[in-house]
Amino acid sequence: MGISAGPISAGPISADAGPSGPPPPETGDIAGGLRITVADLPGDLAAPLRIVVGELADIAAGVHIAVGHDVADIAAGVRVAVAESAAITAGLTIAVLPASAYVAGGRWRPVVTIAGVDESSAVTGEIEVLAERGAARIAELTLRLAPGTVNLATWVRRPVTIDYARRDSAGNALYPERLFTGVVDTPEYDPVRRLAHLRCTDDLQGIVLSQSRAALDALIGGYWSAAVFDAGADAWQYAQDRLSTVPASLDCDAWRTLRLTPWEADASPYLTIQSVLDGSLRVSLAQASDIVNRIDVEFRYRGPVLKKRVITVGYTYPFDLPEIMIHGYGIPTRQMVGDALRSTGWELAGPIGYIPVPPGPLTVNLGGAVQGVWTVDSAVAEELCFGYNALLKRRYSQSVEDVYTITVRNAASIAALGELRQARSGGIEVVFDAGTWERYHEPQDVAGSMYETTGTAEPEPILPDIAEGEVAVRYEGTAGRDDRAAAEAAMQTLIAQAQATIWEAHLHNGITFELPIDARLDLHRTLRLDLAGVGVQAKGRVRRVRHRMDCDAGRATTEVEIALCAAVGLGIVHPETTPMAPDEPAVTPATVPLVTHDQQTHVGRAWYSPPLNDEMFGYFTNLGIGSPDYMAAAPVYPVQYSLRVPGIESESRDNRETAVEAIYEARLVEDEFVVTA
């Protein structure tokens, strides 16, 4: 039977129970508490087991007494007496546990296998297993090699398992608990002492590399965009990219199974810890340079707005039949009109509505006097017109760049600490050949009338038909690559990434402590510290755990660091804005100036004919010699029809920027973190 008594600072549980003996004499205040452990009794106890704590000064951290029985039966019970003179401010805890459940004391042993062979007896020195959030689990151990040829090169990638186990009096392992599963990464050999030091890893990166993107999507979730990340990245980088958008970490458990662990602590802790090994408690607080509470994201989405403008044009011949016969005015031909419309650079939006010339015969009267009979060959009449009406359309585009100024912040943290900023940016430019699109439809003559050429290969989108005016729509690009959906996915990704960054920046607070080894403690656990003796209360999820088993010194401990989210107050939950992309700015068509029947008629060889100039448009003709207004010296005009239509104004065609602003809140769930001085 071994009974060890002393303050908690006496050290962790030893590999063998310490020497028996009475409690130490009065030595003064025991600030760190008193721990008494009785385990692995060697035989039956027919008489009571009595433990006395007496005549001690104040014990600020309490008395913890645990009695475990393995092969020893305690038939008469256990008696614990505490003298009245001792003031125990933190309470008294007594537990009687079966050895199978009591892992913090008594005899222990490591169980190490390499390539399926139990190498436990060859282990010497310390075994260390380190697990950190989002990183590969690492193990280091040293083996004393048996005489013979050693080919350490073949040890690389050999499978390794490490368990912590209780042991019975014969040294057999009981209730092994897994600490590490992985492979040898780096073997080293000391030929003088004939020791092999093995550095092992769970090969987290290799496991992730073997996963498909679909499997990683299902495991991690989050957001991803080719405009933000490398589309050709391998599975490891792809996983890291997705992880940057979620408040969680990816690692392997002790059995080498991938798992995603959220940063947010569980509502109920897995364990509440009321004592730690003396001298092991450390509190680390975030530096100002670690904290980010505002991230400004600028995202630019540049692409064309496709526009179609339809205007009305026309011409009405101003002379009647008597005037034509008296003055000899010419008559416009449909060919003239068609040629003029072709020269504008616009397209016909339908057939030309010609005003026909009557073929006759018609008696022409003027002032009651017969001027003659109007007769035109019907074939010639089909080539002439007294005017026309037509719709002209023009397709053009305007490059529009939507500039999104997105603020992702935690308003409460900003109010408490001021703005601690970062800036990020991204963008997508739609690939589009505006020239080809604008030139796609070419006019042609069809049976004497002009129609637009139609075909099945018209680029999307097909602009809707309109009578006149303008229609404008955004060209959405290639689906999933540079369309609006791709832009929204990119903005969602950047917003979620910024929200995760802000949360992580508030997790730089932590508490580190050491306990007797406990294999149950791992990165997915939420722990609560209630250390009344030193005035620390905290609850958070484990960020790092280090198991150490020193086979030579008989020391087995677990060092734990819990991460604490802290900003402005205990347990506050800061709301989050869902990372949806801002709405797309609306496209407003221009107000189109309509051109309606504003073409003039110009007559040459008349006493009133002005000189011809470039600002004259419409139908040009000349007086006949028999006209009373005829003057041989007057300017002679070329017989033709011309028209001028308005161009596209610069504000409708030049590059344009639209500004969009949006604010998103970043979620935080602050952990319990109370320090009482």
Open item on the list: Donor-acceptor check, side chain of Asn293 to backbone of Gly418, threshold 3.5 angstrom: yes or no?
Closed with: yes
Open item on the list: So Val408 and Ile406, do their side chains get closer than 4.5 Å, heavy atoms only?
Closed with: yes
Task: Evaluation steps, salt bridge (charged side-chain N to carboxylate O under 4.0 Å, His left out), between Asp266 and Arg541 - done: CA-CA 8 Å; Asp266 296 331; Arg541 196 176 294 279; 2.8 Å; yes
TODO: Salt-bridge test for Arg309 and Glu649: reply yes if a basic N is under 4.0 Å from a carboxylate O, no otherwise.
DONE: yes
Task: Backbone of Ala489 reached by a side-chain donor or acceptor of Thr493 within 3.5 Å - done: yes
- [ ] May I ask you to decide whether Arg409 forms a salt bridge with Glu665, counting only side-chain N to carboxylate O separations under 4.0 Å?
- [x] yes
Task: Candidate pair Glu347 and Arg395, rule salt bridge (charged side-chain N to carboxylate O under 4.0 Å, His left out), full reasoning - done: CA-CA 9 Å; Glu347 299 176 42; Arg395 303 200 316 176; 5.2 Å; no
Open item on the list: Taking Ser652's backbone N and O only, do any of them form a donor-acceptor pair with Lys307's side chain (distance below 3.5 Å, no angle check)?
Closed with: yes
- [ ] Any chance you could lay out the side chain to side chain contact (heavy atoms under 4.5 Å, CB included) test for Phe319 and Thr601, step after step, and finish with the verdict?
- [x] CA-CA 10 Å; Phe319 306 123; Thr601 302; 3.9 Å; yes
- [ ] Find the distance between CE (Met491) and OH (Tyr664) and round it off to the nearest 0.5 Å.
- [x] 7.5 Å
Open item on the list: I'd like to check the ring-ring contact (aromatic ring centres under 6.0 Å, His included) partners of Phe299; sequence neighbours left out, ordered by chain and number.
Closed with: none
TODO: State whether the side chain of Asp251 and the backbone N or O of Arg133 hold a donor-acceptor pair below 3.5 Å, judged by distance alone.
DONE: no
Open item on the list: Tell me whether Asp654 at atom CG has more than 12 heavy atoms from other residues, nucleotides or ligands lying less than 6.0 Å away.
Closed with: yes
Open item on the list: Can you see whether Tyr388 engages Thr316 through a side-chain donor-acceptor pair at a distance of less than 3.5 angstrom?
Closed with: no
- [ ] For the residue pair Leu384 and Tyr317, establish whether any side-chain heavy-atom pair is separated by less than 4.5 Å.
- [x] no
Open item on the list: Suppose we screen for ring-ring contact (aromatic ring centres under 6.0 Å, His included). Which residues come up paired with Tyr223, at least two apart in sequence or across chains?
Closed with: none
Open item on the list: Looking at every non-hydrogen atom in both residues, tell me the closest pair between Gly221 and Arg242 and how far apart they are.
Closed with: O-NH1, 2.8 Å
Open item on the list: Does any part of the side chain of Thr658, heavy atoms only, come nearer than 4.5 Å to the side chain of Glu401, both counted from C-beta?
Closed with: no
TODO: Using the test ring-ring contact (aromatic ring centres under 6.0 Å, His included), find all partners of Tyr396 that sit at least two apart in sequence or belong to another chain.
DONE: none
Task: Stepwise salt bridge (charged side-chain N to carboxylate O under 4.0 Å, His left out) check, Asp402 with Arg300 - done: CA-CA 6 Å; Asp402 301 328; Arg300 292 176 174 264; over 6 Å; no
Task: Ring-face cation of Arg213 near Trp224 (centre distance under 6.0 Å, axis angle within 45°) - done: yes
Open item on the list: Main chain of Asp320, side chain of Glu323: is a donor-acceptor contact present, judged purely on distance under 3.5 Å?
Closed with: yes
Task: Asn410 side chain to Ala666 backbone, donor-acceptor under 3.5 Å - done: yes
TODO: Would you check if the side chain of Gln497 reaches a backbone N or O of Leu243 as a donor-acceptor pair within less than 3.5 Å?
DONE: no
Task: Residue pair Arg394 / Trp346: nearest heavy atoms and the distance that separates them - done: CB-CE3, 3.4 Å
Open item on the list: Are more than 12 heavy atoms, taken from residues, nucleotides or ligands other than Asp614, located less than 6.0 Å from that residue's CG atom?
Closed with: no
Open item on the list: Looking at every non-hydrogen atom in both residues, tell me the closest pair between Gly134 and Leu204 and how far apart they are.
Closed with: O-CD2, 4.1 Å
TODO: Take Leu392 and Val310, measure what side chain to side chain contact (heavy atoms under 4.5 Å, CB included) needs, and give me the verdict at the end.
DONE: CA-CA 5 Å; Leu392 292 181; Val310 178; over 6 Å; no
Open item on the list: Check this for me: does any side-chain nitrogen of one of Glu651 and Arg656 sit under 4.0 Å from a carboxylate oxygen of the other?
Closed with: no
Open item on the list: Going by the rule ring-ring contact (aromatic ring centres under 6.0 Å, His included), which residues pair with His327 if we only count those two or more places apart in sequence or in a different chain?
Closed with: Tyr329
- [ ] Mind running salt bridge (charged side-chain N to carboxylate O under 4.0 Å, His left out) on Asp483 and Arg481 for me, showing each step along the way?
- [x] CA-CA 6 Å; Asp483 61 347; Arg481 188 182 70 191; over 6 Å; no
TODO: Using side chain to side chain donor-acceptor pair (under 3.5 Å) as the criterion, list what pairs up with Glu584, not counting sequence neighbours.
DONE: Arg474
- [ ] Taking His602 for its side chain and Tyr619 for its backbone only, find out whether a donor-acceptor pair lies under 3.5 Å.
- [x] no
Task: Partner set under side chain to side chain donor-acceptor pair (under 3.5 Å) for Ser225, not counting sequence neighbours - done: none
